[in-house]
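Have a look at this one before I ask anything.
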Amino acid sequence: MFKGHVYITLKEGVLDPQGKAAENSLDTLGFSQINQVKFGKFIEVELEAENKEEAVKQLKAISEKLLANLVIENYRVEVVEVDK
Amino acid sequence: MFKGHVYITLKEGVLDPQGKAAENSLDTLGFSQINQVKFGKFIEVELEAENKEEAVKQLKAISEKLLANLVIENYRVEVVEVDK
Amino acid sequence: MKFAVVIFPGTSGEGDVYHVLKNVLGKSVDYVWHAETDLNGYDVIILPAGTSYGDYIRAGAIARFSPIMEAVVAFAESGGLVLGIGNGFQILLEANLLPGALLKNKSLKFICKDSNLRVENINTFFTNHFEADEILSMPIAHNFGSYFCDEKTLEELTINQQIVFSYSSLDGKVPQVANYNVRLANIAGIINKEGNILGMMPHPERSSEEILGGTDGLRLFTSIINKLEGVGA
Amino acid sequence: MAELTYKEMGLNDEEYAQIIEILGREPNYLELGMFSVMWSEHCGYKSSRPLLKTLPTTGEDVIHGPGENAGVVDIGDGQALVFKIESHNSPSAVEPYEGAATGVGGIIRDIFTMGARPIAVLNSLRLGDLTDEKVKQLFSGIVAGISGYGNSLGIPTVGGEVYFNPIYNANPLVNAMGVGLVNIDEIALAVAGEVGSPLVLVGSKTGRDGIHGATFSSEELSDSTADKRPTVQAGDPFMEKLLIEACLELIENELIAGMQDLGAAGLTSSIAEAASKKGRGVAVDVSKVPQREAGMSAYEIMLSESQERMLIVPQVGSENKVIEICNKWGLEAVIIGEVTDDGLFNIYEGEKLVGTLPVLALTDDCPVYVRVSEEPAYYAEHKAFDANALQTKDLNSAFLDLLSSPTIASKEWVFSQYDYQVRTNTVVVPGAGDAAVLRVKGTPKGIALTTDCNSRMVYLDPYRGTMMAVAEAARNLACVGAKPLALTNCLNFGNPEKPNIYWQFEQAINGISSASSALNIPVVSGNVSLYNETESAAIYPTPTIGMVGILEDIACRQDMAFKQAGDIIVLLGDLATSLGGSEYLFVCHGLETGEVPEIDLEKEANLIELLLQGHKAKLFNSCHDISEGGLALALAESAISGNLGFKVDLAADGKAIDGLLFSEAPSRVVVSINSADISLLQESAINLGISVNIIGEVTSQDLIINIDGKAIISSDMEKAQQAWGEAIECMMD
Ligand SMILES: Nc1ncnc2c1ncn2[C@@H]1O[C@H](COP(=O)(O)OP(=O)(O)O)[C@@H](O)[C@H]1O
Ligand SMILES: [Mg+2]
């Protein structure tokens with residue numbers, strides 16, 4: 001059993017109104033040292049696989065097929081084996 | 001200038017309909033080895049700070065004040081110094 | 001001629017377009033459940049507005065994998081007419097039947113209101129009952145309604161006149177700026193190069209009866225009927 | 001989770017003793033938990049039942065009154081409206097988005113549980129001072145939650161109200177009203193079916209969320225509610241949508257003997273209520289219940305308030321068909337038990353019997369309290385207030401201040417987040433009129449929907465104030481052309497164990513009764529939310545009234561917008577001056593006091609009759625009732641909506657000028673009509689004893705009110721539009 005993480009972020013040049021809104025309210029809240037905020041997704045996955053490579057392959061596959069929209073998003077996967 | 005990451009996940013026991021929907025869809029797509037999918041947020045932050053501790057403190061502060069909804073969400077922060 | 005209105009799990013807007021086609025226009029129309037795989041006998045496929053699969057992950061992300069979508073793709077490739085309204089548009093984008101993607105509204109809020117649209121291209125199956133540069137009023141109701149594509153795609157859309165509807169002010173002015181983001185933001189509906197697949201965020205089915213405040217939307221449906229019955233489909 | 005004592009579960013010593021007596025032994029933890037939720041205020045109506053019994057609940061159109069999941073009224077052509085209003089206050093105070101969202105989910109389940117297709121949602125909100133950051137967060141979270149849930153169901157949110165008052169800072173109110181349409185012969189009821197019929201649980205898996213939610217919502221909010229946060233429930237509108245379609249398909253195919261949604265107190269309550277209807281018993285095996293989390297105890301499973309679940313009792317022998325249809329909709333459906341004849345609620349964990357108690361003990365033996373009632377000192381004090389003692393104000397700036405007071409200002413910021421058009425039946429949309437109007441496809445008919453309650457008036461005089469709320473709801477329906485049919489109510493109050501609060505409660509319910517019988521509008525459903533208090537204070541008593549009405553001919557509907565310059569403006573009703581409880585006193589003098597204006601229910605009934613006659617004769621070009629802000633603001637709202645001005649001339653005749661402009665005295669409506677039609681209107685008005693005051697005319701621009709020839713209010717349209725149209729937006733974004 002493997003545990004994987006998928007990180008989904010917006011591509012350069014794609015507007016991130018959520019990030020902008022956060023920057024503004026942080027400003028009004030007095031957090032003047034915050035320069036930039038970018039919103040993305042953090043997806044935790046539990047999966048079965050022969051080995052780590054196999055697991056990475058699967059995570060990439062589901063990211064490209066379903067979890068991320070490659071027109072606007074980039075993704076990064078990471079596998080953490082679960083010690084039973 | 002520091003770069004920080006904020007990871008926001010649903011608290012144990014809080015319903016994650018998106019995760020459920022993803023699991024079902026992946027199942028029908030033939031990814032039978034995927035057991036569980038949990039949706040969270042991945043937030044990238046650029047901020048000014050004296051030092052790493054200072055930066056961590058700020059990330060925690062903005063997570064609690066704005067980024068995370070502590071009623072149903074947990075958060076984790078992480079700082080990566082940016083080498084200029 | 002016969003219309004099909006596809007229903008996915010959680011689809012919420014199917015009844016509105018069905019009502020217009022059947023009761024306002026007296027056309028024959030069926031609901032088609034997403035698990036079906038056969039679209040034989042239909043002339044126009046409509047992916048209705050609203051929500052599907054709760055719009056989880058991304059609007060349209062799950063629906064595009066429903067069994068019926070293979071048939072929709074085949075139908076479209078053979079030149080059949082496909083109309084996606086709102087959520088239907090989002091599904092067409094996720095299925096790569098149209099280019100680009102729809103992002104969260106700038107306001108970060110759901111927006112329900114009447115919008116003014118300028119017709120940018122009247123030489124399509126879907127717009128031949130409009131007049132060039134005519135200003136229409138149609139409601140919008142969406143969360144993810146701001147269109148996005150890369151500059152290259154935008155150039156192609158522009159050159160091939162694939163931008164069919166633009167958001168506009170009443171006087172018909174659409175800021176003709178160079179700014180790529182602003183130009184994107186004005187896009188309300190696009191068509192594929194071949195001209196048989198239209199996706200739009202505004203709701204023609206909600207502006208097809210006087211009692212609802214206007215009938216501009218109705219002419220989109222009569223355009224389709226006109227073209228098809230004209231060519232004896 | 002650590003075991004709670006019966007006190008922590010909200011039971012007192014007497015109640016605990018009573019339970020021991022009923023069982024003839026100490027209850028085990030599971031049984032205790034089940035008693036505590038069923039005997040909570042929320043489920044057991046401990047403090048309210050005796051008073052609620054006094055409400056008029058019958059009428060020729062009433063098919064089902066209180067007691068079912070929702071009320072049902074006949075609208076002809078074999079169709080009926082199913083509707084109910086319900087609160088989700090404390091969950092929304094803790095988690096505004098999910099709290100409000102699940103509130104919508106809950107009321108919608110009540111509607112389709114009756115076999116009705118949900119066709120509309122309304123929402124009645126009370127929030128604190130909108131300049132307070134915390135209040136802004138609550139406000140946007142609540143509205144986003146209603147929007148997020150309702151919109152994805154494809155059910156239009158067509159109306160409601162929002163009031164702002166510091167009294168609600170820590171105690172926001174979220175009342176959601178659901179409305180459905182059903183063919184009378186397809187109405188479903190929550191009955192247990194035959195002995196031996198299986199109990200089928202459909203929908204979401206059961207998790208640990210919401211355990212003791214019912215108890216929680218029956219307690220005052222204190223800092224310690226922070227510890228109760230695990231009781232927060234998250235909604236899944238997609239699952240709800242599948243449930244709607246599946247359940248309606250089951251009913252269409254006549255496969256159901258009974259159906260009951262799972263709400264407060266989860267399985268315990270819905271099973272007990274279904275079984276009690278026929279004095280039946282039930283045997284349930286919790287190990288059969290699909291679970292979201294590992295290692296859940298019988299206690300947790302029976303008390304969980306996980307959302308989007310339905311209990312179905314199939315017609316004998318049709319359980320497989322039922323499960324099949326549910327599966328087609330992608331819904332999990334499992335048999336978790338069966339109906340028995342021994343009147344006992346037996347809970348098994350596999351083979352093992354883990355709890356057994358009499359069904360009726362849970363539903364009918366819940367103790368009932370007639371609390372002590374005492375008139376609070378404030379009542380007489382406020383009544384004694386003398387408005388003549390007020391320092392004089394510049395009334396033109398008062399007018400502009402009122403226009404931008406969030407309680408009066410345009411609610412577009414709210415309803416533009418709601419899909420109010422889906423289903424393409426909404427013909428008078430939010431903001432356009434005093435009530436929403438929906439067509440009924442396939443008929444010439446329309447239905448009108450509204451919610452109303454000015455809780456400041458109710459606070460100052462619970463009896464009068466509540467009569468005013470009922471009257472305003474009826475008037476709002478009549479203003480759009482609808483005959484009021486029936487009402488639902490959501491009684492939001494403080495802690496009834498406090499004599500002053502119980503007095504408010506008692507007076508308010510008497511107010512509903514009086515108005516309801518005088519106007520002949522029966523009460524067919526409702527909901528009670530008590531203990532809306534923090535350490536600091538109780539909320540204003542807020543008996544929200546939801547009302548439905550019918551238009552036999554939808555062509556006779558009307559909105560509030562002036563239509564053409566030259567039309568004459570008529571005030572139907574009196575030139576009243578009483579300022580008691582007015583928004584003017586609050587906004588311009590910082591006062592919430594005064595004697596609540598008198599209300600003459602017979603006159604109200606006649607006014608409504610006059611409006612209906614006028615609509616029928618198509619006399620009115622606009623119609624708007626006078627409520628918050630008084631005559632001046634009613635005029636302004638009609639003008640702004642129509643983008644036309646007005647010139648009004650009033651004679652003081654020694655009356656107080658600010659009173660003339662801003663009094664919120666009831667039973668008054670502003671209409672604009674064709675000058676040719678005035679005599680017609682006067683005729684019918686005289687017969688009904690309603691005074692017709694011609695006060696001015698519609699103009700192409702500028703809002704002007706002269707008193708004794710002197711311009712008291714004078715504003716250009718742009719200024720007024722901005723003040724009224726952008727106030728809330730400016731405060732929020
Ligand atoms: N929370 C809300 N949701 C939807 N519509 C609302 C809401 N609040 C107010 N509205 C709409 O705004 C208009 C004005 O509301 P209100 O001031 O309560 O009218 P009235 O005073 O005539 O009852 C009505 O059409 C009402 O339905
Ligand atoms: Mg009102």
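Every chain is numbered from 1, with letters handed out A, B, ... down the list of sequences.
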4.5 Å side-chain heavy-atom contact, A:Lys60 and A:Val77: yes
Report which part of A:Ile43 has an atom under 4.5 Å of a heavy atom belonging to chain B: side chain, backbone, both, or neither. both
Region of A:Phe39 in contact with chain B, defined by heavy-atom distances below 4.5 Å: both
Parallel, tilted or perpendicular: rings of A:His5 and A:Phe42 (30°, 60°): perpendicular
N/O donor-acceptor pair under 3.5 Å between B:Asn74 side chain and B:Ile8 backbone: no
Please look at A:Leu59 and chain B and tell me whether the side chain, the backbone, both or neither of the residue comes under 4.5 angstrom of a heavy atom of that chain. neither
Quick check for you: among B:Gln36, B:Glu23, B:Gln58, which has the greatest number of heavy-atom pairs under 4.5 Å with chain A? B:Gln36
Are the charged groups of A:Glu12 and A:Lys38 less than 4.0 angstrom apart, N to O? yes
Quick one: do A:Arg76 and A:Glu78 make a salt bridge, cutoff under 4.0 Å? yes
What option among B:Glu46, B:Lys41, B:Lys65 has the most heavy-atom pairs under 4.5 Å with chain A? B:Glu46
Residue A:Ile34 versus chain B: region with a heavy atom under 4.5 Å: both
Side chain, backbone, both or neither: which part of A:Thr9 has an atom under 4.5 Å from a heavy atom of chain B? side chain
Check the pair A:Glu48 / A:Phe2 against side chain to side chain contact (heavy atoms under 4.5 Å, CB included), numbers first and verdict last. CA-CA 6 Å; A:Glu48 308 293 342; A:Phe2 290 80; over 6 Å; no
